[in-house]
Every structure is written in C-alpha cells, then in structure tokens.
Amino acid sequence: MTLRLLFDDIRSTIQKICNNLGYPQTEFDVSEASRPEFGDVSCNIGFLLAKSLKKRPSEIAESIANEYKKDKGKLVTEVNAHSSGYLNFTANYPLLTKSVIQSSVQENYGQIDIGKNSKIVVEHTSVNPNKALHVGHVRNIIIGDTMARILQKACYDVRVLNYVDDSGLQVADIIVGFRYGGFSREPPKGQKFDHYCGDVVYVNITERYETDTTLAEKRSLILKELEGGLSDTAKFGDEITRRVLEEQLKTCWRLGVTYDCLNFESQIVRSKLWKDVFEKMKSMGMIELEKEGKNEDCWVIRTESEDDKVLVRSDGTATYIAKDIPYAAWKLGIADDPFYYKQYGTQRDGRILWETTLENTGTKLNFTGDAVITVIDSRQSRLQKIITKIMSDFKSKEGAYVHLGYESVTLSADTAKTLNLDTGGKSIQMSGRKGIYVNADYVLDILGVKTYEEAKKRNPDLNEVKLVQISEQVAIGALRYSMIKQDLDKIITFDMTESLSLEGDTGPYVQYAYARAIRILEKGGKAPNFDVSFNDLKTSYETSLAKTIGKFDIEVKDAAKNLSPKIIARYCYDLAVTFNAFYEHVKVLTAESEALVNARLCLVYSFKETLSKSLYLLGINAPERM
RNA sequence: GGGCCUGUAGCUCAGCAUGGACAGAGUGCUGGACUUCUAAUCCAGUGGUCAAGGGAUCGAAGCCCUUCGGGCCCGCCA
C-alpha cells in the first residue's frame with residue numbers, strides 16, 4: 001500500500017457517505033494535509049457543498065465526519081471536522097508504515113500505469129554537429145532524458161531520438177573554415193574534435209565573414225554542393241559532422257544519456273518524405289500557392305493570428321520549417337518510412353543505438369509513436385505551433401504532437417566576465433556563433449576537480465580509482481540536478497561559481513543522504529528482516545520518512561501527466577530532507593532493542609531503495625561513499 | 001505593431017493547472033550542535049503591502065480585466 005491507496009480509500013468512503021446523506025455529486029479534493037497538526041490527509045468537500053446545501057462548510061464536514069467515525073476502515077484512525085471547514089484524517093501508522101516499507105522493496109515500486117504500454121517518442125538533444133555541447137544544450141538533453149525515464153516508469157513504451165541537422169548552414173561554415181580558413185584538419189593534441197570545431201574553427205570563420213565578403217560566396221556554393229549529397233564536399237561535410245557527433249555523444253553518454261535512434265536531416269532531405277508530405281498538404285488544402293504580394297510564387301501556410309509562413313520558396317526549394325514537417329510526420333508514423341536502419345553502436349547501458357540510412361541494409365525498424373514529444377527551447381514556439389497544427393490536422397486528433405518548450409540558459413555577468421565580456425552587470429544569451437558559451441565538458445571537469453578534493457578530504461582511505469568514480473558521479477549529479485530542479489518556463493542564469501556549490505538544494509545533497517543510508521546498512525551487518533510488525537517506528541521522524549517514501553507513485557503520475565520533470569527532483573530532495581532529519585535525531589544501530597534496530601534498518605533500506613529508484617529517473621547515480 | 005513567457009524574502013526559486021486552515025524551501029546573515037550510524041549534515045533566529053490597481057467569490061499569491069517592469073520570438077536564414 002502507498003499513500004495513493006490511502007487517499008483512494010478515503011475518497012471512496014466519503015463518496016459513499018455523501019450518497020447516503022443525499023448530498024449532490026461533486027469533484028472534491030483528497031490530498032496531504034498542509035500541516036502535521038491537521039493530521040495526514042485533508043478533504044475540502046465541506047467548502048464545495050456549502051453553497052448548494054446552504055450550510056456552513058464546518059457543518060457539512062461535521063456531518064460527514066460523524067458518519068465516517070462509524071466505520072473508519074483499517075487505514076484511518078481518526079477523523080476530524082475542523083472549524084475551518086476541512087475534513088481531516090489521521091492514518092493508521094503501524095499499518096501504513098508496514099505496507100509502505102514492504103511495497104517499497106519491490107522491483108517496480110513507484111511504477112504507475114498511465115501509458116498502458118502505448119508508444120511514445122521523445123526527441124531531444126538535436127544539436128547542430130559543428131560544435132561541442134554547452135550548458136544550454138545540457139538543459140535540453142537533461143529535460144528530454146529525464147522525461148523519457150519518467151514516461152517509461154509510467155508504463156509508456158518510449159523511443160528516444162536525436163535529430164542530427166547535418167545539412168545546414170553551420171555545416172557549410174565549418175567546411176569553409178577547413179577549406180579556406182587555414183585550419184588544420186586535426187585538433188591540437190588533447191583537444192576534443194567537437195571543441196576544436198566549435199571553439200576555434202566556427203567562431204573564427206564566423207568573425208571573418210564580416211571583413212571578407214568572398215567567404216560568404218564560398219559558403220553559399222558549398223551549401224548548394226551539400227544538398228546533392230554525392231559531391232566531394234558533401235562527403236567531406238559528412239566526415240566532419242560524424243566526427244563531431246561522435247564527440248558530442250561522448251558527452252551525452254558521460255551525462256548518462258542514451259538514445260534509440262539518430263535521424264539525419266540530410267537523409268530526410270534526400271528521401272521522398274518531403275515530397276509525400278508536400279503532396280498530402282496540397283491535397284488536404286492546408287497550403288496555398290501565393291499569387292501576389294511579397295510571397296508571390298511561394299507555397300505558404302496560413303496561420304490564424306500571424307503572418308503567412310513560406311514553406312517553398314519561389315525557386316522551388318524548401319525552407320527550414322518545411323524540413324521539420326516531414327520529420328514530425330515520420331515520428332508520428334503518418335508518412336511511409338523511407339529509411340533502413342543500421343547499428344551505430346552499443347551504449348554504456350547496453351542499449352543499442354541505431355541510425356537511419358537510405359542504403360538498403362535489409363533492416364526495417366519502427367521508431368514512431370502514437371504520441372511525440374519534441375524538446376526544443378521556447379524560442380521556437382512559433383514554428384512548433386505551426387507544426388503542431390499540421391500534425392493535428394494529419395492525425396485528425398489533438399495532442400499527438402507536443403512541443404515541450406523550455407526557457408533558455410543564459411550566462412551570469414560574472415561568468416561572462418571570465419569570457420572577457422563586460423555585460424554591465426546583466427546576464428547574457430549564449431551564442432555558439434559568437435563564442436559566448438560554457439562547454440558542458442568543461443563544467444563537468446571543473447566540478448570533478450572540486451568533488452574529487454571534497455571526497456578525498458572525507459575519505460582518505462579510498463583509492464584513486466574509487467575517488468575518481470565518486471567525483472564523476474557527484475559532478476554529474478550536481479549538473480543534472482541543477483538543470484532540472486526548476487520549472488521549464490524559468491530562465492536559468494548559469495554562474496560557474498554558483499554551480500560549484502554542493503550544499504543545500506543540490507544533487508550532491510541528495511546523493512549524500514544515500515551514502516549515509518548505505519553506511520548504516522553496511523555497519524548494521526546483517527540483512528534486515530522485513531517480516532515483522534513496525535509498530536515501534538513511532539517518532540515523527542520515522543513516520544514522515546515512511547510517508548514520504550509512500551508518495552513515490554503519486555509523484556511519478558504527476559510528473560508524467562504534466563510533463564514536468566522537476567517534480568521528481570523535488571521529490572528526491574524531499575526524501576533526502578526527511579531522511580537527514582531522521583538521521584540526525586534517531587539512532588538506528590544503537591537503538592534500545594534488537595527488534596527496533598531491525599525495524600529501523602528496514603526503514604533505512606526502504607528509503608535507500610526508493611531514493612535510488614527516484615534518482616534513477618533523474619539519471620543520477622548515488623555513490624556509496626562520499 | 002503583434003505573439004509567447006515571466007514578476008512571491010537581500011539573492012535563486014516552490015506553491016498557481018484543480019481558489020480554502022498562520023505564504024514555504026534553498027542561499028545569505030546571526031547563533032548553536034561533531035570522543036556519536038560520514039557536519040556535502042542538523043537545529044534555532046533573521047527576512048514577505050505574493051509587481052500595482054480593479055473585478056467576480058463567503059474566501060485570491062492562485063481566476064478575469066487593466067497597467068507597469070523584465071526576457072524571448074515575429075526572413076523566400078537555419
């Protein structure tokens with residue numbers, strides 16, 4: 001049993017009582033009490049019926065409480081009608097604690113069936129393959145990865161895609177850099193190829209466009225050559241982007257992120273996907289050939305409140321958004337799949353990473369979904385809105401295509417200063433083109449150094465390998481947590497110094513609680529016996545820990561339904577706070593009796609298991625020592 | 001000009017979907033707790049006209065309207 005079942009039990013009992021009393025049907029709320037003195041569970045039905053029954057809320061609560069008291073069932077020990085109008089309940093703790101502890105040690109604890117095994121696609125990362133990942137990209141990656149994990153826990157059949165835009169202008173820029181910028185094909189020793197391309201080649205060549213106009217001409221020639229896909233230039237571009245992609249993926253894997261399939265834009269462009277979708281839009285009357293005005297001879301899509309959007313230029317070429325439409329249709333399984341598949345490699349967690357190909361490999365796979373979630377920052381909301389509309393017309397159904405938007409990551413004034421930028425005390429938008437960013441690998445490395453020192457200080461007995469392992473886990477925990485803990489519509493102002501903080505509401509704080517629990521279990525020596533009564537776990541530290549553990553599936557449901565990954569971050573933090581309070585105030589190994597030691601060990605074990613499972617949803621590993 | 005997002009403690013943010021019991025965390029600052037299951041911790045104090053105004057409601061941080069501040073987006077670029 002978990003808290004959810006307690007809530008359900010109370011809800012259905014109230015429902016029954018209301019029917020018996022002849023009260024009208026109404027949607028009422030049963031949720032956790034806002035303060036301990038109000039008990040464990042509260043219901044607002046008194047307020048909701050006050051008007052139609054023409055009674056005071058407290059009177060109604062009173063009448064329900066009186067009925068409820070006649071048969072409280074097993075799970076509830078106290079029912080109170082509060083003078084404010086609320087109906088409050090106190091849980092049967094021995095029973096609640098016992099069932100929470102016993103269910104929490106099951107493998108699939110926290111799982112809740114919302115998805116009914118339906119197929120869902122999550123696309124994230126999708127970074128242009130001409131540069132290294134910076135902290136802004138990390139937000140996208142972590143939102144996507146965390147959401148995919150949560151949806152899986154909520155019984156969706158999840159496929160994760162990474163869209164590789166290997167045919168755009170940025171690719172042409174890099175080629176210009178290598179061909180005409182005088183840059184060596186190989187990075188200096190010790191520098192990753194993606195860092196070299198982004199930090200050196202791309203930033204430099206972009207700067208030179210301003211003074212050297214011939215370079216821009218060369219770029220447009222290269223862009224044309226890329227489109228065909230057969231020229232030496234296209235082959236060279238392919239070589240570069242694949243090398244960058246490989247390095248980018250290393251960073252993603254380092255963060256604990258894996259994918260199912262890589263989709264290459266160049267292949268989408270060369271396939272017949274666009275043609276099919278274009279015809280379909282024409283036949284459905286969704287687009288029009290403009291006869292006059294500034295968009296004369298272009299195929300445009302009309303939108304309700306905004307300007308017409310050009311899909312096909314007057315010269316017959318497709319615009320940027322036009323490339324996204326067939327891909328979106330492909331993800332939803334609306335269009336025929338023109339691709340074959342081949343293995344890109346096997347990832348750290350054993351998951352095979354596939355890639356699309358237009359060559360006949362004989363392998364056909366299906367990476368489409370009944371629903372699609374595309375993680376892209378909200379600056380693209382306008383375009384995504386158009387795509388969403390088109391997809392709902394194709395599917396004749398709303399909600400199949402979801403743009404999961406989020407606000408951008410900016411750099412704090414202090415951090416900008418370290419890049420020699422004076423922003424006048426304001427934060428600044430990152431820009432790959434201008435070289436205004438902080439690379440993800442760099443942040444992880446600096447964090448690693450700091451966490452290594454901390455770990456070594458606290459654990460002088462641990463060997464080098466172990467210390468490095470711990471510091472890497474904590475560094476990743478810190479970064480991932482900081483990217484997910486706040487709401488998607490809040491701008492994150494990244495500050496290097498602040499990101500090194502490992503105290504308070506941070507990943508390391510949560511990980512530390514895990515290490516503490518492990519230590520108790522280790523020192524406890526033997527495996528705890530769960531087949532006992534837990535009546536002795538009486539302190540509020542123990543009961544609230546059990547209660548918090550019991551909320552896991554409620555949180556998973558909430559996070560999955562609202563596509564809100566931060567809910568799980570908050571839950572992990574809640575678990576850690578509650579455990580730390582328990583840890584400071586309740587002795588486990590030196591408790592009065594052997595039975596109590598055992599019962600508390602069970603609680604600690606239950607906490608450890610639940611925290612580990614919920615941290616897994618955040619893609620965070622907790623070390624056993626810190 | 002139009003569209004989207006945002007404004008809650010010195011700072012960073014929960015709470016807003018589904019209105020209800022004295023508005024919560026972290027951080028900062030002040031003080032306290034390590035011969036103890038690791039102090040990356042805990043405890044206490046400090047700190048708020050929930051941007052402003054109006055409306056509907058028995059009741060608003062939350063819903064509606066207006067105003068103001070901040071950010072982003074509006075190309076036959078990607």
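Treat the numbers as computed from the prediction; the structure is a model and nothing was measured. The sequence lines fix the lettering, A, B, ..., with proteins before strands; numbering per chain opens at 1.
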Inset, instruction - Would you mind classifying the nucleic acid contact of A/Gly85 as base, sugar-phosphate or nothing, using non-hydrogen atoms under 4.0 angstrom? - result: nothing
Legend entry - Euclidean distance for C1', B/rG47 against B/rA52 (whole angstrom): 23 Å
Legend entry - Polar pair under 3.5 Å, donor/acceptor by atom type, side chain A/Thr319, base B/rA78: no
Inset, instruction - Please answer whether B/rG59 and A/Phe47 are stacked, defined here as ring centres separated by less than 5.5 Å and planes angled under 30°. - result: no
Inset, instruction - Indicate, yes or no, whether a donor-acceptor pair under 3.5 Å links the base of B/rC4 to the side chain of A/Arg382. - result: no
Inset, instruction - Flag the pair A/Arg570 and A/Glu555 as a salt bridge only when some basic side-chain nitrogen lies within less than 4.0 angstrom of an acidic carboxylate oxygen. - result: no
Legend entry - Bracket string, RNA chain B, 5' to 3' - pairs by Watson-Crick or G-U geometry under 3.5 Å, | interstrand: (((((((..((((......[...))))((((((.......))))))....(((((..]....))))))))))))....
Inset, instruction - Please work out if A/Ser314 contacts a base, only the sugar-phosphate, or nothing of the nucleic acid, heavy-atom cut-off 4.0 Å. - result: base
Inset, instruction - Ignoring the backbone of A/Leu589, work out which of B/rC37, B/rC76, B/rC73 is nearest its side chain. - result: B/rC37
Legend entry - Under 4.0 Å protein heavy-atom contacts per nucleotide of nucleotides 12-19 of chain B, with B for base, S for backbone only and - for none: -SSS-B--
Legend entry - Whole angstrom value for the distance that separates P of B/rU36 from NZ of A/Lys523: 9 Å
Legend entry - Base B/rC72 paired with A/Ser378 side chain (donor-acceptor, <3.5 Å): no
Legend entry - Whole-angstrom distance between B/rA17 and B/rA51, as gauged at atom P: 15 Å
Legend entry - Separation of atom NZ in A/Lys294 from atom C1' in B/rC74, rounded to whole Å: 10 Å
Inset, instruction - With heavy atoms under 4.0 Å as the rule, sort A/Glu290 into base, sugar-phosphate or nothing. - result: nothing
Inset, instruction - Would you indicate what A/Ala517 reaches in the nucleic acid, counting non-hydrogen atoms under 4.0 angstrom: base, sugar-phosphate, or nothing? - result: nothing
Inset, instruction - Ignoring hydrogens and angles, tell me if any N or O in the side chain of A/Asn459 forms a donor-acceptor pair with the backbone of A/Met626 under 3.5 Å. - result: yes
Inset, instruction - Report the nucleotide, chosen from B/rU38, B/rU41, B/rA78, that has the shortest atom-to-atom distance to any side-chain atom of A/Asn580. - result: B/rU41
Legend entry - Rounded interatomic separation in angstrom, taking NZ from A/Lys55 and C1' from B/rC58: 17 Å
Legend entry - Lys NZ or Arg CZ of A/Arg219 over A/Tyr209 ring: under 6.0 Å, within 45°: yes
Inset, instruction - Using the P atoms only, state how far B/rC11 lies from B/rG3, rounded to an integer number of Å. - result: 31 Å
Inset, instruction - Just call it for A/Val510: base, sugar-phosphate, or nothing, with non-hydrogen atoms closer than 4.0 Å on any strand. - result: nothing
Legend entry - Residue pair A/Asn162 / A/Thr125, side-chain donor-acceptor N/O under 3.5 Å: no
Legend entry - B/rG32 to B/rA39 separation - C1' atoms, rounded to the nearest Å: 13 Å
Legend entry - Distance-only donor-acceptor check, side chains A/Ser412 and A/Asp414, under 3.5 Å: no
Legend entry - N or O in side chain of A/Arg600 less than 4.0 angstrom from B/rC37 OP1/OP2: no
Legend entry - Same-atom distance (P) from B/rC37 to B/rU46, integer angstrom: 34 Å
Inset, instruction - Ignoring hydrogens and angles, state whether a donor on the side chain of A/Ser266 or A/Asp166 is under 3.5 Å from an acceptor on the partner side chain. - result: yes
Legend entry - Rounded distance in Å between the P positions of B/rG24 and B/rC16: 15 Å
Inset, instruction - Have a look at A/Asn88 and say if it touches a base, only the backbone sugar-phosphate, or nothing, with a 4.0 Å heavy-atom cut-off. - result: base
Legend entry - A/Arg379 side-chain N/O to B/rC72 phosphate OP1/OP2 under 4.0 Å: no
Legend entry - Sugar-phosphate, base or nothing in reach of A/Gln429, heavy atoms under 4.0 Å: sugar-phosphate
Legend entry - Spacing of A/Ile520 atom CD1 relative to B/rU36 atom P, expressed in whole Å: 15 Å
Inset, instruction - Please measure how far the C1' atom in B/rA60 lies from the corresponding atom in B/rG54, and state the result in whole Å. - result: 13 Å
Legend entry - Exercise: do A/Tyr401 and A/Gln384 side chains pair donor with acceptor under 3.5 Å: yes
Inset, instruction - Using a 4.0 Å heavy-atom cut-off across all strands, classify A/Val588 as base, sugar-phosphate, or nothing. - result: base
Inset, instruction - For A/Ala515, answer base if it contacts any base atom (sugar-phosphate contacts may also be present), sugar-phosphate if it contacts only those atoms, and nothing otherwise; contact means non-hydrogen atoms under 4.0 Å. - result: base
Inset, instruction - Using the ring of A/Trp299 (Phe, Tyr or Trp, six-membered ring only), decide whether A/Lys282 places NZ or CZ under 6.0 Å from its centre and within 45 degrees of its axis. - result: yes
Inset, instruction - Report yes if a donor N or O on one partner sits less than 3.5 Å from an acceptor N or O on the other, where the partners are the side chain of A/Glu407 and the base of B/rC4; otherwise report no. - result: no
Inset, instruction - Would you mind classifying the nucleic acid contact of A/Thr506 as base, sugar-phosphate or nothing, using non-hydrogen atoms under 4.0 angstrom? - result: nothing
Legend entry - Rounded distance in Å between the P positions of B/rG31 and B/rU12: 26 Å
Inset, instruction - Check every strand shown and say whether A/Leu383 touches a base, only sugar-phosphate, or nothing at a heavy-atom separation below 4.0 Å. - result: base
Inset, instruction - Taking the six-membered ring for Trp and the single ring otherwise, decide whether the centroids of A/Phe38 and A/Tyr86 are under 6.0 Å apart. - result: no
Inset, instruction - For the side chain of A/Arg313, starting at C-beta, report the closest nucleotide among B/rC22, B/rC76, B/rC42. - result: B/rC76
Inset, instruction - Would you indicate which nucleotide in B/rC37, B/rC74, B/rA21 comes nearest to any side-chain atom of A/Tyr583? - result: B/rC37
Legend entry - cation_pi(A/Arg433, A/Tyr202) dist<6.0 Å, angle<=45: no
Inset, instruction - Hey, which sits more toward the 5' end of RNA chain B by its nearest nucleotide, A/Met626 or A/Gln170? - result: A/Met626
Inset, instruction - Assess whether one donor atom and one acceptor atom, taken from the side chain of A/Asp165 and the base of B/rA78, lie less than 3.5 Å apart. - result: no
Legend entry - A/Tyr573 OH - B/rG24 C1' separation (whole Å): 11 Å
Inset, instruction - Determine whether the side chains of A/Glu123 and A/Ser126 contain a donor N or O and an acceptor N or O closer than 3.5 Å. - result: yes
Inset, instruction - Using a heavy-atom cut-off of under 4.0 Å over every strand shown, decide if A/Gln384 touches base, sugar-phosphate, or nothing. - result: nothing
Legend entry - Under 3.5 Å donor-acceptor, A/Tyr514 side chain and A/Asn621 backbone: no
Inset, instruction - In whole angstrom, give the distance that lies between atom CG of A/Leu49 and atom P of B/rC58. - result: 16 Å
Legend entry - Proximal nucleotide (of B/rA39, B/rU27, B/rA21) relative to the A/Tyr512 side chain: B/rA39
Inset, instruction - Consider only side-chain N and O atoms of A/Tyr406 and A/Asn140, and report whether a donor and an acceptor are under 3.5 Å apart. - result: yes
Inset, instruction - Identify, with sequence neighbours excluded, every residue that meets salt bridge (charged side-chain N to carboxylate O under 4.0 Å, His left out) alongside A/Asp165. - result: none
Inset, instruction - Between A/Tyr509 and A/Lys385, name the one whose nearest nucleotide on RNA chain B is closer to the 5' end. - result: A/Lys385
Legend entry - Spacing of A/Ile321 atom CD1 relative to B/rA78 atom C1', expressed in whole Å: 12 Å
Legend entry - Atom pair distance, as rounded to whole Å: NZ in A/Lys224 and C1' in B/rA78: 16 Å
